[in-house]
Chemist: 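Before anything else, here's the structure in question.
Treat the numbers as computed from the prediction; the structure is a model and nothing was measured. Lettering follows sequence order; numbering is per chain, from 1.
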Amino acid sequence: MPTSPQRRLLVTSALPYANGHIHLGHLVEYLQTDIFVRFQRLRGHQAIYLCADDTHGTAIMLRARAEGRSEQELIAAMREAHLADFTDFQIAFDHYGSTDSPANRQLCGELWQALRRRGLVVTREVQQLYDPEAGVFLADRFVKGTCPKCGGGDQYGDACEQCGATYTPTELVDPVSTLSGARPEVRSAEHLFVTIEDLHEFLAQWTRDSGAVDPRIANYLSGHFLAEPLRDWDISRPAPYFGFEIPDAPGQYWYVWFDAPVGYMAATEEWCRQQGDRLDDWWGRDETGRPRAEIHHFIGKDIVYFHTLFWPAMLEAAGLALPTKVRVHGFLTVNGQKMSKSRGTFILARTYLEHLDPGMLRYYYAAKISGGIDDLDLNLEEFTAKVNADIVGKVANLASRTARWLTASGLSDSYPDDGGLFVKAAADGETIAAAYEAGDFARAMRIVMLAADRANAYIDAEQPWKLAKAGPEAAARLQDVASVAINLFRQLAVYLAPVLPQLAEQAGALVGGPIRHWSEAARPLAGIPVAAFQPLARRIEQAQIESLVAASRSAAEASPPAGSPVLQTSGASTMDETPAAPPSADPAAPLEAEPLAEECTIDDFAKVDLRIARIVAAEEVPEARKLLKLNVSLGGDVTRTVFAGIKGFHEPAALVGRLVVVVANLAPRKMKFGLSEGMVVAASGAGADGVFLLSPDAGALPGMRLR
RNA sequence: GGGCCCGUAGCUCAGUGGUUAGAGCAGGGGACUCAUAAUCCCUUGGUCGUGUGUUCGAAUCACACCGGGCCUACCA
């Protein structure tokens, strides 16, 4: 295969929000990007890896306010923490910027002017509710009031559960801010919109034909957003807002999703300034309209929309280079489930680093990442087994078991006959490289491990330990066998270098010096010294995993969840905190499937207002798979509508009249079929199909509190 | 309800039309003792979700169904 000419690649990961710490979920993206970049460099290409903290928006503003410090202090502290985490995971950014930088402000302005020149910006009055006490405009979910159509109380700002009407929050009767409890004012504010529909044709064509977007994603886009006119993109937020004020619209700030992707460019600009390079060489187009460099964006599947529609639209409008490839990955699950604080599987990068070697996770992720958008599962048992078997047992072991025989003699003067092993693995080089290039790291790892298996088998067949005991006449043969083993080891270290930079360094220190190029895997070494062997990687012990999980549980306790108040999924039938049962002959499966939640205080418990309630009405929701619509009475004339996930387990008619336990102060949850104003407590879990409602002893009355 | 993905050995997966379907881990047996109880060899284990079709030939293509997941459901 001919050597490809040097490529120039600009590679990014999505910008982490400066509102929380890096966790193992984030690392799925940063590690795979880092592996990709290191691979490209090893192949001799110029690849720069750029990223930045995403710093703007309401969430940052509110959090800084709550912590009694400035936004700048908050984002500076978070930036430091992010950088430490990335560095310790051996993620080698060429530059790590911030969206709150002069360079970003400048570039936002330039892109903005480009949008203006193209006539893509329009201004419209927007009526919005404003909380005079909190001093912020309120999103729909922060307003409650009485439905203007049917008079139903306690409804959210956008739709009424009782009559199904939809409306704007300004139409609500007696609105209340859920932030402060104050009565919001209707304020009129100017918003700026980008008429992205003007680029509809371009976007439809680009997503379909450019090769930048996976066909599955392109298909999804064409069926959703591109199937109808694209709505104007509301790109501004009125003060107060933490962000950049729009130069030609005083009092208006760019929405965070405008300045975040520009942060890719700002980071490039800052890097260029350090290097004496030009931004245009990376983001510009040449005379023929072709991009001057490749641009690869690694993102999670949740932000596809921004990177395949808005961002290309902005770049196109500004006449800049469009992304070469938008590489989309799924989310992380741990032990097959969403990361959970109470299970101790919500693991921060820092917590991991306190217990385990970053290389282990780098390898495990690499072995699981195949370039698709499916979620990636971190199974802790498999993690332990795989890393121990592959990295320690196979690869590191090659050097560990043979290097000692070469410390005195060095490698044989010419590479011995190894039965074609080295050549065979060298021939795999291009296949492995193609897999890396395609983002199918799992395939690359499989091929590498097969080579490691062959190498170990070779050592077993040659039995160098017998040669070592055989005396001087076997010395040359011993040196040859060990030289083969060490060469095969170093060859693997080259292939693994993008994933395990540490191992590559150690291999270089052992023999042959730093690994600088992929082609080193094709040339065996001979006649050079071998350093004294240093242990390369330590096995993962079960106890380390256990203490990592335990530490993650207590870390979750110590730091309350950061970020926007995201509601839990369908507020139906499961509870996280189940009381412990006395030991018995009952099966252990339910408890094992869902271990006890972390300890909570009596005050924590008191936050949950559990009440006895009587089901006064129950009806099928024909379109719902799992839900029944219940109306429950808390006594007197207080009733609640609750959607409970018990369809199929209970007949509606049989439920009417019975007493149940409800979570009475649960935040209402808008569901497809209406608003759910609470949750009926029921038991469920492993070991049995079904959802089991709780009933009180005789004598209990609706409205009584559980304590 | 709509869209997409997946269903292959106990587990994790490879194999996308062509000889008797493979790997790793786990299980069983053996070898070795250089190595971090690592390594090597042998071995148990599969109606390739089900059915129908296309084909000389189907894990692979088509259709239907069953099961699991993700995304949507007038939010971007």
Chemist: Would you indicate which nucleotide in B:U72, B:A35, B:C70 comes nearest to any side-chain atom of A:Arg401?
Modeler: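 Selected nucleotide (nearest to the side chain): B:A35.
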Chemist: Does A:Asp375 use its side chain to pair, donor to acceptor, with the backbone of A:Gly330 at less than 3.5 Å?
Modeler: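 Pair absent, no side-chain N/O of A:Asp375 close to backbone of A:Gly330.
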Chemist: Answer with base, sugar-phosphate or nothing: what part of the nucleic acid does A:Ile373 contact at a heavy-atom distance below 4.0 Å?
Modeler: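 Nothing, no nucleic acid heavy atom in range.
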Chemist: Checking all strands, does A:Arg216 fall into the base, sugar-phosphate, or nothing category for heavy-atom contacts under 4.0 angstrom?
Modeler: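 Here A:Arg216 touches the backbone only, sparing every base.
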Chemist: With a non-hydrogen cut-off below 4.0 angstrom, is A:Tyr220 in contact with a base, only sugar-phosphate, or nothing?
Modeler: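 Base, at least one base heavy atom under 4.0 Å.
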Chemist: Over 60° means perpendicular and under 30° means parallel, so tell me whether A:Trp257 and A:Phe306 are parallel, tilted or perpendicular.
Modeler: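 Plane angle under 30°, so parallel.
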Chemist: Between A:Arg237 and A:Tyr255, is NZ or CZ placed under 6.0 angstrom from the six-membered ring centre and within 45° of the ring axis?
Modeler: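 Flagged: A:Arg237 positioned over aromatic ring of A:Tyr255.
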Chemist: Regarding A:Phe310, tell me which of base, sugar-phosphate or nothing describes its non-hydrogen contacts under 4.0 Å with the strands shown.
Modeler: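 Sugar-phosphate, no base atom in range.
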Chemist: Please work out whether the ring planes of A:Tyr241 and A:Tyr253 are parallel, tilted or perpendicular, with thresholds of 30° and 60°.
Modeler: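 The arrangement is tilted - the two ring planes meet at 30° to 60°.
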Chemist: Nearest nucleotide by nearest heavy atom, which residue falls closer to the 5' end of RNA chain B, A:Lys368 or A:Trp405?
Modeler: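 Result: A:Lys368.
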Chemist: Let's test your reading of the pairing rules: Watson-Crick or G-U wobble, both distances under 3.5 Å, then write RNA chain B as a dot-bracket string with ( ), [ ], | and dots.
Modeler: ((((((((.[[[[.)..(...]]]].(((((.......))))).....[[[[[..)....]]]]])))))))....
Chemist: If you assign A:Glu382 and A:Tyr305 each to the RNA chain B nucleotide with the nearest heavy atom, which residue ends up on the more 5' nucleotide?
Modeler: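 Result of the comparison: A:Glu382.
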Chemist: Between A:His297 and A:Trp311, do the side chains contain an N or O donor and an N or O acceptor separated by less than 3.5 Å?
Modeler: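 Their side chains do contain a donor-acceptor pair, which is all the 3.5 Å distance test asks for.
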Chemist: Of the nucleotides B:A14, B:U36, B:C71, which has the atom closest to the A:Arg446 side chain?
Modeler: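 Comparing B:A14, B:U36, B:C71 against the side chain of A:Arg446, the answer is B:A14.
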Chemist: At 4.0 Å (heavy atoms only), tell me whether A:Ala442 reaches a base, stays on the sugar-phosphate, or touches nothing.
Modeler: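 Since no nucleic acid heavy atom lies under 4.0 Å of A:Ala442, the category is nothing.
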Chemist: Determine whether A:Asp440 and A:Ser370 satisfy the following criterion, side chain to side chain donor-acceptor pair (under 3.5 Å), listing intermediate values before the conclusion.
Modeler: CA-CA 4 Å; A:Asp440 192 351; A:Ser370 55; 4.9 Å; no
Chemist: In whole Å, measure the gap between the C1' atoms of B:U54 and B:C71 for me.
Modeler: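 My reading of the C1' atoms in B:U54 and B:C71 gives 33 Å.
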Chemist: Counting only side-chain heavy atoms from C-beta out, which of B:G24, B:C70, B:C34 sits nearest to A:Lys394?
Modeler: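 Closest nucleotide to the A:Lys394 side chain: B:G24.
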Chemist: Over all strands shown, is A:Gly393 touching base, sugar-phosphate only, or nothing at heavy-atom distances under 4.0 angstrom?
Modeler: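 Since only primed, P, OP1 and OP2 atoms lie under 4.0 Å of A:Gly393, the category is sugar-phosphate.
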Chemist: Counting the benzene-type ring for Trp, do A:Phe193 and A:Trp233 have ring centres under 6.0 Å apart?
Modeler: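 Distance test on ring centres: not under 6.0 Å, no.
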Chemist: Among the candidates B:C70, B:A35, B:G2, find the nucleotide nearest to the side-chain atoms of A:Asp375.
Modeler: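 Nearest to the side-chain atoms of A:Asp375, counting from C-beta on, is B:C70.
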Chemist: Do you see a donor-acceptor pair shorter than 3.5 Å between the side chains of A:Asp428 and A:Thr431?
Modeler: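 No, no side-chain donor-acceptor contact under 3.5 Å.
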Chemist: Sticking with atom C1', work out how far B:G67 lies from B:G15, rounded to a whole angstrom.
Modeler: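 23 Å, rounded to whole Å.
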Chemist: Picking from B:A35, B:C4, B:C74, which would you name as closest to the side chain of A:Asn219?
Modeler: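 Of the candidates, B:C4 comes closest.
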Chemist: Answer with yes or no whether the side chains of A:Asp232 and A:Thr195 bring together a donor and an acceptor at under 3.5 Å.
Modeler: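 On atom types as modelled, these side chains do not qualify, holding no pair under 3.5 Å.
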Chemist: Please work out which residues in residues 450-472 of chain A have a non-hydrogen atom less than 4.0 Å from an atom of RNA chain B and list them by number.
Modeler: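 By residue number: A:Asp453, A:Asn456, A:Ala457, A:Asp460, A:Trp465, A:Lys466, A:Lys469.
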Chemist: Both conditions, 6.0 Å and 45 degrees, for the charged tip of A:Lys301 above the ring of A:Phe331: are they met here?
Modeler: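 Yes, a cation-pi geometry holds between A:Lys301 and A:Phe331.
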Chemist: Think A:Arg539 has a side-chain N or O under 4.0 angstrom from the OP1 or OP2 of B:A38?
Modeler: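 Result: yes.
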Chemist: So which nucleotide from B:U36, B:U39, B:C70 ends up closest to the side chain of A:Lys301?
Modeler: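 Of all the options, the side chain of A:Lys301 is nearest to B:C70.
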Chemist: For nucleotides B:A14 and B:A23, find the distance between their C1' atoms and express it as a whole number of Å.
Modeler: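 Comparing C1' positions in B:A14 and B:A23 gives a spacing of 7 Å.
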Chemist: Measuring from the side chain of A:Arg231 (C-beta onward, heavy atoms only), which nucleotide among B:C34, B:A76, B:C71 has the closest atom?
Modeler: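 Nearest to the side-chain atoms of A:Arg231, counting from C-beta on, is B:A76.
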